[in-house]
Structure formats: structure tokens, C-alpha cells
Amino acid sequence: MAIEQTLIVVKPDGLIKSLTGNVISRLAEAKLTIMGAKVMRVSRELAEKHYEHLKDKPFFEELIMYIMGEVHKTRRVLALVYQGDNAITKIRDVVGDTNPEMANPVSIRGAYGRITTTGVFENVVHASSSPEDAEKEIKLWFQPDEIIEDLYPVKEVTLKNVKKLVWA
Ligand code: UDP
Ligand code: MG
């Protein structure tokens with residue numbers, strides 16, 4: 001038994017193709033617990049930190065434009081945190097291979113992904129690939145109060161002169 005957390009992001013191609021419902025149904029096959037969920041915009045800063053490990057690849061800039069929604073003209077993604085026994089492997093199995101043409105056709109990427117003419121894998125979802133990546137990614141994409149339980153240690157800070165929007 002290894003209780004793991006994992007970050008899943010339904011990428012802009014998934015949103016523009018109205019696949020969020022299908023993706024969540026497919027993820028349910030892994031029988032995990034959903035801990036957090038939000039629709040959000042991906043800033044360039046978040047995109048570059050998330051894909052830091054690929055910064056030397058020739059497709060890096062295109063990948064950043066893809067995850068930011070610039071390619072699909074929809075600046076929205078759905079970010080999800082799941083937790084459970086062997087969560088990372090279970091989710092990666094349902095999600096399928098990085099290359100949608102190589103992915104099992106019954107996996108999410110196999111069923112819904114494509115390769116663009118410039119060679120970028122538009123593969124509908126991101127899923128963490130190790131516990132270390134999951135921790136880094138969840139801390140990057142979510143604040144503690146956006147997740148139903150404290151998955152990692154937290155500390156209390158008092159913020160002064162912080163501006164925020166409230167309902168008028
Ligand atoms: N990617 C790509 N071409 C490649 C490798 C990766 O377009 O040869 C894109 C693809 O969208 C992938 C993302 O970069 O999901 C992150 O790559 P990674 O190797 O981390 O694959 P993943 O963990 O998403 O399966
Ligand atoms: Mg990866």
C-alpha cells in the first residue's frame with residue numbers, strides 16, 4: 001500500500017473538445033479520491049515551471065503556448081488532485097502513453113489525442129509521473145486551502161496589505 005497524490009490537468013484541447021466529463025468518468029476507473037478541482041488560467045510563469053524539465057526541447061515554446069491555451073484560443077484548463085493507493089501508476093494507465101499514436105486506443109490519450117502537423121503531442125491530459133513530480137506540481141498548481149486536506153506540511157503566515165477581490 002502506497003498512498004500517493006497526483007496532479008491531473010485537462011489541457012486546453014480537452015476543454016475545447018468538451019471532453020472534461022469523459023475524462024473525469026475515465027479517471028473514476030482508478031477508484032481514487034478527488035481532493036481538489038478548479039478551472040483556471042495558466043500563466044507563462046506556471047507553464048514554464050511546470051514544463052521546466054523540457055526547456056531544452058525544440059518544441060518547448062509550442063508546448064508553453066499549448067498549455068496556456070494560446071493554440072486553442074481558450075485560456076482555461078481543469079486542474080485536479082487525486083489521492084489513493086498507487087494513484088500515480090493507476091492514473092497513468094488510464095491516461096496512456098505520452099505519444100497519442102503509441103497510446104493504447106482505449107486510454108484517454110489513445111482515444112482523444114492527436115499529433116499536430118508541427119509534431120506536438122496534443123494529448124488532452126497531464127498526469128504526474130512520480131511522487132516527487134506530484135508534490136512539486138500540486139504545490140505549483142494549488143494553494144493549501146484549495147485542497148480538502150493538507151496533503152503536505154503547511155505553515156501559517158499573516159499577510160499585511162494584501163489586496164484581494166471580494167463580492168461587492
Ligand atoms: N511532448 C511533445 N513531444 C514529445 C514529448 C512531449 O509534444 O516528444 C509534450 C506532450 O504534450 C507531453 C508534454 O510535452 O504531454 C510533457 O512531456 P512529458 O515527457 O513530461 O510527458 P507526459 O508526462 O505528459 O506523458
Ligand atoms: Mg511528464
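What you see below is based on every heavy atom in this structure, not just the backbone, and it leaves out hydrogens, waters and symmetry mates. Along the sequence shown, the residues carry numbers beginning at 1. Read the numbers this way: they start at 1 and go in the same order the structure lists the ligands and their atoms.
Nearest-heavy-atom check against atom 15 (O) of ligand 1 across Ile67, Val9, Asn123, Asp13 picks out Asn123.
Within the structure, ligand 1 lacks Glu122 among the residues with a heavy atom less than 4.0 angstrom away. Ligand 1 lies out of reach of His50, whose nearest heavy atom is not under 4.0 Å from it. Judged by the shortest distance from any of its heavy atoms, Glu62 lies outside the 4.0 Å radius around the atoms of ligand 1. Within the structure, the closest approach of Lys57 to ligand 1 does not fall below 4.0 Å when heavy atoms are considered.
Within the 3.5 Å criterion, the main-chain N or O of Phe121 finds no donor-acceptor partner in the side chain of Arg114.
Inspection of the Arg109 and Ser107 side chains reveals no N or O donor paired with an N or O acceptor under 3.5 Å. Side-chain atoms of Thr116 and Glu122 include no donor-acceptor pair closer than 3.5 Å. Side-chain atoms of Asn22 and Tyr112 form a donor-acceptor pair, as typed in the model, at a separation below 3.5 Å.
In summary, Lys136 and Glu132 do not engage in a salt bridge, as defined by a charged side-chain N under 4.0 Å from a carboxylate O. A salt bridge links Glu146 and Lys38; the closest N-O separation between the charged side-chain nitrogens and carboxylate oxygens is under 4.0 Å.
For the side-chain contact (heavy atoms from CB on, under 4.5 Å) test with Glu4, the passing option among Ser130, Pro131, Ser128 is Pro131; the others fail.
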Output, in order, the C-alpha distance, side-chain angles, deciding distance and verdict of side-chain contact (heavy atoms from CB on, under 4.5 Å) for Leu80 and Val9.
CA-CA 6 Å; Leu80 305 157; Val9 179; over 6 Å; no
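Pairs engaging residues 56-75 under the ring pair (Phe, Tyr, Trp, His ring centres under 6.0 Å) rule: Tyr66-His72 [sequence neighbours left out]. Legend: salt bridge (Lys or Arg N to Asp or Glu O under 4.0 Å) pairs involving residues 20-36, not counting sequence neighbours, sorted by first then second residue: Arg26-Glu29.
For ligand 1, the atoms lying closer than 4.0 Å to a non-hydrogen atom of His53 are 20 (O).
Between Lys11 and ligand 1, an N or O atom pair is found at a separation short of 3.5 Å. Below 3.5 Å of separation, one finds no N or O of His126 facing any N or O of ligand 1. Some N or O of Thr98 is nearer than 3.5 Å to an N or O of ligand 1, by distance alone. In terms of N/O distances under 3.5 Å, ligand 1 is not approached by Tyr51. Geometrically, ligand 1 and Leu63 share no nitrogen or oxygen pair separated by less than 3.5 Å.
The residue Asp97 has no part lying near ligand 1, judged by heavy-atom distances below 4.0 Å.
For atom 5 (C) of ligand 1, the closest heavy atom belonging to the protein is Phe59 CZ, 3.4 Å. The nearest protein atom to atom 17 (O) of ligand 1, hydrogens excluded, is given as Leu54 CD1, 3.3 Å; this is a heavy-atom distance. For atom 23 (O) of ligand 1, the nearest protein heavy atom (residue, atom name, distance) is Arg92 NH1, 2.9 Å. For atom 7 (O) of ligand 1, the closest heavy atom belonging to the protein is Phe121 N, 2.8 Å. Taking atom 24 (O) of ligand 1 as the reference point, the nearest protein heavy-atom neighbour is Arg109 NH2, 3.0 Å.
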